[in-house]
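On a predicted model such as this, the values are computed, not experimentally measured, just so you know.
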2 protein chains.
Amino acid sequence: MAIQITKETDYAIRCILYLIGMNGQVCTVGDISREQSIPYTFAAKIMQKLARAGLIESVRGVKGGFVLKRRPEEISLLDIVEAIEGPISMNICVLDRKSCDRQPRCPVHPWWVEISEVLRERLGEFTFDRILK
Amino acid sequence: MAIQITKETDYAIRCILYLIGMNGQVCTVGDISREQSIPYTFAAKIMQKLARAGLIESVRGVKGGFVLKRRPEEISLLDIVEAIEGPISMNICVLDRKSCDRQPRCPVHPWWVEISEVLRERLGEFTFDRILK
DNA sequence: CAAAACAGGATTAGATTAGTCCTAATTAGA
DNA sequence: TCTAATTAGGACTAATCTAATCCTGTTTTG
């Protein structure tokens, strides 16, 4: 676990980008997988996560697929990162205080809390309306 | 590779913290390993990396060990993270443009460059003199 | 009811992280 | 000068996580 988003998250961003480009049209996993060069079953998993997070909506059955559920300005990098990887923290101790074995207080802990928060804020500022310009 | 420092980096921070607390006294890997609960051989590797990065200095032979080479205000979280994990980038494409298969331009690329830079700056602001207060 | 699609659990392969082992090289001190 | 304490560093192993696949089930159009 180094300081980098996963390939899955990178794929997820491409998925959203693709849906934005399709302007409300329902797209299948097949379309997305083909156009964005993402392995089919992996793309399917990613779309499920994005749907559970409420960023996109699934339509089941023949003629089904996925559509964007929010407008581009309502979707940020943070939304996608958290939909795929879960809550952000620069060090596990931020989310799970027990994991820090240097009880009761590690002097660096508050720094990680602060840096994690800064990163969240920044990721939240990058919304997809900005990308179209 | 998710957005989080590794355990090795966390250990490295403890090593520096320990040396700072020892006020210029030469400390062995044994001391550090014992006091900070880091497996001996792993701690040895970490100290080597910190030494190569110029944060600490090694003294070989009997009575040898490690000493801080810089003052606390000259050591930041960034120095340690980069000494252990190498250059920071939120997405591989920031360091290795070739790794981005969506040539020639991915619209998200400049965002990752910017976010990586913000993170570097923030990590650089946390210097170890601040921790003592 | 058949075919096209999503849902989701279980599994596998590959990469990375975490940690170990072993054999030097260095040096203080008996 | 020999020995013990110590760092240097390459090779290796174990554990964990990421990336990807497989399979079975459910929904829905025509």
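- At distances below 3.5 Å, not a single donor-acceptor pair connects side-chain atoms of A:R70 with backbone N or O atoms of A:L55.
- Residue B:Y11 places none of its side-chain N or O atoms closer than 4.0 Å to OP1 or OP2 of C:dA18.
- Rounded to whole Å, atom P of C:dA4 lies 18 Å from atom CD1 of A:I32.
- Put simply, CD1 on B:I5 is 14 Å from C1' on C:dA18, counting in whole angstrom units.
- At distances below 3.5 Å, not a single donor-acceptor pair connects side-chain atoms of B:R120 with backbone N or O atoms of B:I115.
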Every protein N/O lying under 3.5 Å from an N/O of nucleotides 23-26 of chain C:
| unit_1 | atom_1 | unit_2 | atom_2 | d |
| --- | --- | --- | --- | --- |
| C:dA25 | N3 | B:R60 | NH2 | 3.0 |
| C:dT26 | O2 | B:G61 | N | 3.4 |

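- For the side-chain contact (heavy atoms from CB on, under 4.5 Å) with A:S33, the qualifying choice from A:Y40, A:Y11, A:F42 is A:Y40, the only one to do so.
- If you take CZ of A:F66 and P of D:dT28, they are 14 Å apart, rounded to a whole angstrom.
- Taking atom CG of residue A:D10 and atom P of nucleotide D:dT18, one finds them 15 Å apart after rounding to whole Å.
- In this structure, CD of A:Q4 is placed 18 Å from P of D:dC17, rounded to the nearest angstrom.
- Backbone-only engagement by B:G65 is indicated by non-hydrogen atom pairs under 4.0 Å involving sugar-phosphate atoms exclusively.
- Rounded to an integer number of Å, the gap from B:E85 CD to C:dA18 C1' is 13 Å.
- Listed for the B:E82 side chain is no donor-acceptor partner under 3.5 Å among the backbone atoms of B:D79.
- Among the candidates B:T9, B:I13, B:D10, the single residue satisfying the side-chain contact (heavy atoms from CB on, under 4.5 Å) test with B:I84 is B:T9.
- B:S58 places a side-chain heavy atom less than 4.5 Å from the side chain of B:F66.
- Going from atom CZ of A:R14 over to atom P of D:dA19 covers 12 Å, rounded to whole Å.
- Both B:T28 and A:E8 sit near DNA chain D, but only B:T28 has its closest nucleotide nearer the 5' end.
- Although no hydrogens or angles enter the test, the distance criterion places no donor-acceptor pair under 3.5 Å between the side chain of B:E73 and the main chain of B:T127.
- In this structure, B:S76 contributes its side chain and B:F126 its backbone to no donor-acceptor pair below 3.5 Å.
- Within the 4.0 Å cut-off from OP1 or OP2 of C:dA18, at least one side-chain nitrogen or oxygen of B:T6 is found.
- Look at CD1 on A:I84: it is 13 Å from P on D:dA20, rounded to the nearest Å.
- Between the B:R14 side chain and the B:E35 main chain, no donor and acceptor come within less than 3.5 Å of each other.
- Within residues 40-58 of chain B, the residues having any heavy atom under 4.0 Å from DNA chain C are, by residue number, B:T41, B:F42, B:K45.
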